[in-house]
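What follows is one structure encoded as structure tokens, with my remarks underneath.
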Number of protein chains: 2
Amino acid sequence: MQIGVIEVPTRRALLVQRIEDQILTGKLRVGDSLPSERQLQEETHISKTVIHAALAELEQKGFLEITPRRGAVVANYVETGTMEALAARIRLNGGSMTREQTRSFLEARVAIEGAAFRRLAERHTEEDLAYLEAILAGADALLAREPLDARALAEALFRFHRGICLRSGNEFFPLLLNEFRPIILEFWQRSIAVFGAASNVHLAKRCLELIRAGDAEGAFRRLERSVNEYLGSLD
Amino acid sequence: MQIGVIEVPTRRALLVQRIEDQILTGKLRVGDSLPSERQLQEETHISKTVIHAALAELEQKGFLEITPRRGAVVANYVETGTMEALAARIRLNGGSMTREQTRSFLEARVAIEGAAFRRLAERHTEEDLAYLEAILAGADALLAREPLDARALAEALFRFHRGICLRSGNEFFPLLLNEFRPIILEFWQRSIAVFGAASNVHLAKRCLELIRAGDAEGAFRRLERSVNEYLGSLD
DNA sequence: CTGTTTTTACTGGTCGGCCCAGCTTTTGCG
DNA sequence: CGCAAAAGCTGGGCCGACCAGTAAAAACAG
């Protein structure tokens with residue numbers, strides 16, 4: 001048996017997580033007031049500096065709404081939340097989404113990646129293709145190794161799809177995929193578990209071929225089909 | 001003559017901005033190490049606590065990668081960056097995007113909002129429409145008042161479009177729009193300046209009508225057309 | 001001179017306290 | 001009783017010291 005590295009989390013990170021959990025599990029509801037910073041300081045034995053930093057972080061993530069000299073209330077994360085807020089909620093549910101969330105997520109992914117596919121199919125250089133091929137070569141290397149590192153392969157698939165966005169020439173697409181990152185990684189890990197590692201890598205290669213051939217619609221349909229297959233596998 | 005309020009920027013905000021600029025202008029390159037917190041303290045005459053907070057903020061934005069007891073290095077913000085990193089880059093260019101950035105941005109917006117339009121046109125309740133109408137009524141009220149508060153109207157238009165995403169039933173769309181928020185606000189303010197306030201509100205109303213009529217494609221084309229007009233106005 | 005242990009200098013993380021400005025509640029005077 | 005002054009909160013910003021680790025330098029043994 002092997003004991004890996006033990007990462008010591010910072011107090012700030014622990015406090016952020018604690019409050020996130022309270023919000024996401026419904027113990028703290030939208031509109032509820034948080035205790036004052038000084039009160040939290042007493043409860044947690046953490047200094048006001050760190051408390052303040054943690055609350056500021058939660059505000060930026062969209063979980064809280066802080067008004068100077070009035071206090072912090074739990075925000076409606078749908079109104080103000082970022083992708084991070086959603087990722088946190090998914091993390092809490094044991095890393096799994098409801099079926100409806102999954103459908104929403106895939107719909108959004110198809111909207112973004114579909115646009116990237118189209119652009120790249122229409123206009124790409126040899127360098128673009130070489131870049132994407134290099135990523136897939138890395139995935140192949142992972143495939144050959146035993147035991148399979150599903151996490152690493154999921155990362156590679158993520159990099160491939162972000163690579164498509166990156167090379168599409170649209171500055172926003174890769175950033176959007178970065179926002180999705182934690183969710184997409186969960187997705188690929190599940191996809192690897194359900195459809196197998198080789199199948200997923202093969203699908204990526206097929207998409208690249210279609211892009212190379214300039215078949216924008218074909219690439220888009222291939223993407224759509226795999227998404228539907230994934231959704232079907234949930235039943 | 002009238003002298004308005006004088007906002008005193010905080011040291012922390014100034015430091016954040018300074019470092020952001022250094023990164024975005026290339027004086028600090030990806031992979032470069034930052035001076036230690038203590039070194040920065042000496043250079044800037046700002047306390048280490050504030051330095052620490054500023055660096056933490058830059059990390060959350062995706063500009064830095066901080067490892068405890070090892071230091072901070074400039075992160076590849078294309079890899080890890082969020083929409084905020086891009087917003088910062090735009091802010092640096094005097095709040096305006098290049099033509100290519102604008103095109104990218106609108107392409108992404110059409111991809112996301114287009115999907116939301118389609119969903120909402122196909123499936124909406126009376127409550128959804130009432131919700132959106134209420135937002136437009138607020139925009140009308142702003143329109144009647146003199147002088148025009150362009151910022152507030154831009155906010156209203158943002159809320160309307162986010163409302164469409166919200167009511168589309170896709171949990172991700174509104175979150176994506178939230179990520180775009182700072183950029184979208186710049187967009188609407190410019191659009192108001194170029195096409196006039198009334199015209200923008202009228203367009204929103206027209207979109208709502210098409211959604212009500214269930215004309216998904218019509219609504220989508222209307223959106224696409226206005227985007228193209230905006231792009232055309234840049235020449 | 002080499003390989004190993006110990007020391008030291010340096011890192012980010014945390015602490016508690018200071019003052020500030022503004023909102024809320026209590027107090028106290030006319 | 002009415003109303004204004006005061007006291008007591010809030011978060012925001014900042015400071016200098018201390019903590020627990022790391023990595024390089026110094027000391028040491030062979």
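Letters A, B, ... are given to chains in the order of the sequence lines, protein chains preceding strands, and every chain is numbered from 1.
If you measure from atom CD of B/Glu42 to atom P of D/dC15, you get 14 Å, rounded to the nearest angstrom. Atom CD of B/Gln39 and atom P of C/dA9 are 16 Å apart (whole Å). Distance, B/His45 NE2 to D/dC14 C1': 16 Å, rounded to whole Å. In this entry the distance linking CG of B/Leu64 with C1' of C/dG12 reads 13 Å, nearest Å. For the pair B/Lys48 NZ and D/dC19 C1', the interatomic distance rounds to 11 Å; values are reported in whole Å. If you take CD1 of B/Ile51 and P of C/dT11, they are 12 Å apart, rounded to a whole angstrom. The interatomic distance linking B/Leu55 (CG) with C/dG13 (P) rounds to 9 Å, in whole Å. Atom CZ of A/Arg69 and atom C1' of D/dG11 are 7 Å apart (whole Å).
Which of D/dC14, D/dG11, C/dC15 sits closest to the side chain of B/Val50 comes down to D/dC14. The side chain of B/Glu37 lies closest to C/dG12 when the candidates are C/dG12, D/dG12, D/dT10.
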request  = Carefully, step by step, assess A/Arg190 and A/Glu186 under the rule salt bridge (charged side-chain N to carboxylate O under 4.0 Å, His left out).
outcome  = CA-CA 6 Å; A/Arg190 188 185 148 79; A/Glu186 300 285 350; over 6 Å; no

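For A/Arg70 and D/dG11, a side-chain-to-base donor-acceptor distance below 3.5 Å is absent, hydrogens and geometry of angles not being considered.
Ring centers of A/Phe172 and B/Phe180: under 6.0 Å apart, within the cut-off.
Contacts of A/Arg38 with the nucleic acid, taken as non-hydrogen atoms under 4.0 Å apart, include base atoms. Nucleic acid contact for A/Thr49: base, since at least one base atom lies under 4.0 Å from a heavy atom of the residue. Using a 4.0 Å heavy-atom distance criterion, B/Ile46 is classed as a sugar-phosphate-only contact.
No side-chain donor-acceptor contact under 3.5 Å links B/Asn170 and B/Arg119.
For C/dC15, the OP1/OP2 oxygens have a side-chain nitrogen or oxygen of A/Ser47 closer than 4.0 Å. At C/dG12, none of the side-chain N or O atoms of B/His52 fall inside 4.0 Å of OP1 or OP2 (strictly under the cut-off).
In terms of modelled atom types and a separation under 3.5 Å, the side chain of A/Asp21 and the main chain of A/Arg18 share no donor-acceptor contact.
Ring geometry for B/Tyr230 versus B/Phe187: interplanar angle of 30 to 60°, hence tilted.
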